[in-house]
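Report on the structure given below.
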There are 2 protein chains.
Amino acid sequence: MNSNVTPIRKQNKRRENELVILQAAEKVFAEAGFGGATMQLIADVAGLPKANVHYYFSTKEELYRQVVSNIFEVWLAAAGTFEAASGPAEGIGAYIDAKMEISRTHPAGSKVWASEVMHGAPIIQDYLETKLVAWTNGRIDVINTWIAAGLMDPVSPRHLLYLIWSSTQHYADFGHQIQTLNTGTPLTDDDWQAAKTAVKQIILKGIGVKT
Amino acid sequence: MNSNVTPIRKQNKRRENELVILQAAEKVFAEAGFGGATMQLIADVAGLPKANVHYYFSTKEELYRQVVSNIFEVWLAAAGTFEAASGPAEGIGAYIDAKMEISRTHPAGSKVWASEVMHGAPIIQDYLETKLVAWTNGRIDVINTWIAAGLMDPVSPRHLLYLIWSSTQHYADFGHQIQTLNTGTPLTDDDWQAAKTAVKQIILKGIGVKT
DNA sequence: AGCCTTCCTGACCATTCGGTCAAGAATTTT
DNA sequence: AAAATTCTTGACCGAATGGTCAGGAAGGCT
């Protein structure tokens, strides 16, 4: 009886395979774009037959949507630093740190997101219109209170957010270009530290926050 | 005689058609990515039969390479502002202005470039390694002289350039996201002005340049 | 054990895509 | 005028792709 409940072992198997497929898909989508990615290649990277991938994700678009959704969640979660902060030095500084860390540890996800948005967000437009709009407006309010309290210069909160997003995500999305300019070798720990420091230093000083 | 020389009228026809095709291709590649773009759609946008497109550009990759090359030239040309400047206030300020203007007038090109780099620059890696490296190192030298002359803070020139590139190109590459956050309507002249002002204000102040 | 649900997979299909080709139209050269 | 060159285009082709399906394997339930 109870045909609606899947046993635990089976559930684990399902979760495991879904995870393997999602990770493979994120990588392939990031490298080839939605149009360039093939289900066959995703299956190969995941180490499964193509038909098995279709068993868990019936269409390419559904799989892609899952990938983008996951990225969006990671993205939003890492922004919690903002709210708890007592002022811009701590709040924005920690936010930049968190976003730089995502660019370093999650570059494929960032690329998929960028690719999706660049192509007009055909799949996740609803996310943009609801969740992202709400989140953005909330942070704009926070920044405005900081400005009103004289904790930072009266800069446009909206464009400040864009500046933070772009400068931090650049290290993921354009990682290949950065590596090429870095004598062709990947950034070291020190390189990443220098990048983080430079971005924070310029932006924080640029908005009149003492560090 | 002289079978190697194409007559003027024919040459014009060739140039005209190549231009139409290149513009159509830039738009389609920007919207769909290399993999998602189809020769049929490019032909439709150009208003020509597909076979005619293949007459001028034998393969999809050749057409794509042409598009990316053109963008790269525009990109480099617009950076001349840097050299002629007497100091960072003028040089970097004008550079940011120029890059913002390209983002506004040439968004498709910026997207194609971003897409190409994000996927590992499979087509124009040689451009990165030669021209871009040379250009970047040249500007780093200029910035270092400004720092040595006490005209600006001792920030990492390399990361400053990345910050400028990312923040300005963001308005092209993520234009759709920005429009969605801007109550769904395109940026007005005033919006663009505000964006330009905010970016310049934060970056220039951030590197210790008085405006 | 016997039954049921879930999982796995090779073979297959319809569609689409990049690219070809041959035949003709247009234009230039002789 | 006629020969030569360039341009145009519908029809076509092989290859690749997203997706299907039937039949069987594996695991869980009574």
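Below, chains carry the letters A, B, ... as their sequence lines are ordered, and counting in each starts from 1. In what follows, every heavy atom counts, from backbone to side chain, and hydrogens, waters and symmetry copies are set aside.
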Salt bridge [X]-[Y], side-chain N to carboxylate O under 4.0 Å:
X        : Y        : answer
A/Asp191 : B/Arg158 : no
B/Lys13  : B/Glu18  : no
A/Lys196 : A/Glu101 : yes
B/Glu116 : B/Arg65  : no

Between [X] ([atom1]) and [N] ([atom2]), how many Å, whole number?
X       : N      : atom1 : atom2 : value
B/His54 : C/dA22 : NE2   : C1'   : 17 Å
A/Asn52 : C/dT6  : CG    : C1'   : 11 Å
B/Lys50 : D/dG10 : NZ    : P     : 12 Å
B/Lys13 : C/dA26 : NZ    : C1'   : 9 Å
B/Glu61 : C/dG19 : CD    : C1'   : 14 Å
B/Glu62 : C/dT20 : CD    : P     : 11 Å

Give the ring-plane orientation class for A/Tyr127 versus A/Phe72, where under 30° counts as parallel, over 60° as perpendicular and anything between as tilted. perpendicular
Just checking, is any N or O donor in the side chain of A/Ser58 or A/Glu62 under 3.5 Å from an acceptor N or O on the other one? yes
Distance alone, cut at 3.5 Å: any donor-acceptor contact between the side chains of B/Gln169 and A/His170? no
Within residues 17-31 of chain B, those residues having any heavy atom closer than 4.0 Å to DNA chain D are B/Asn17
Going by heavy atoms closer than 4.0 Å, what residues in residues 33-49 of chain A are next to DNA chain D? A/Ala37, A/Thr38, A/Met39
Using the rule given for ring pair (Phe, Tyr, Trp, His ring centres under 6.0 Å), can you reason through B/Trp165 versus B/Trp75, listing the C-alpha separation, both sets of side-chain angles and the distance that settles it, and then say yes or no? CA-CA 11 Å; B/Trp165 293 344; B/Trp75 215 62; 5.7 Å; yes
Are B/Lys60 and B/Phe34 in a cation-pi setup, meaning NZ or CZ lies under 6.0 angstrom from the ring centre and within 45 degrees of the ring axis? yes
Does OP1 or OP2 of D/dT6 have a side-chain N or O of B/Arg14 closer than 4.0 Å? no
Look at B/Tyr55 and D/dT8 and indicate whether a side-chain polar atom (N or O) is within less than 4.0 Å of OP1 or OP2. no
Give one of base, sugar-phosphate or nothing for B/Tyr56, where a contact means two heavy atoms less than 4.0 Å apart. sugar-phosphate
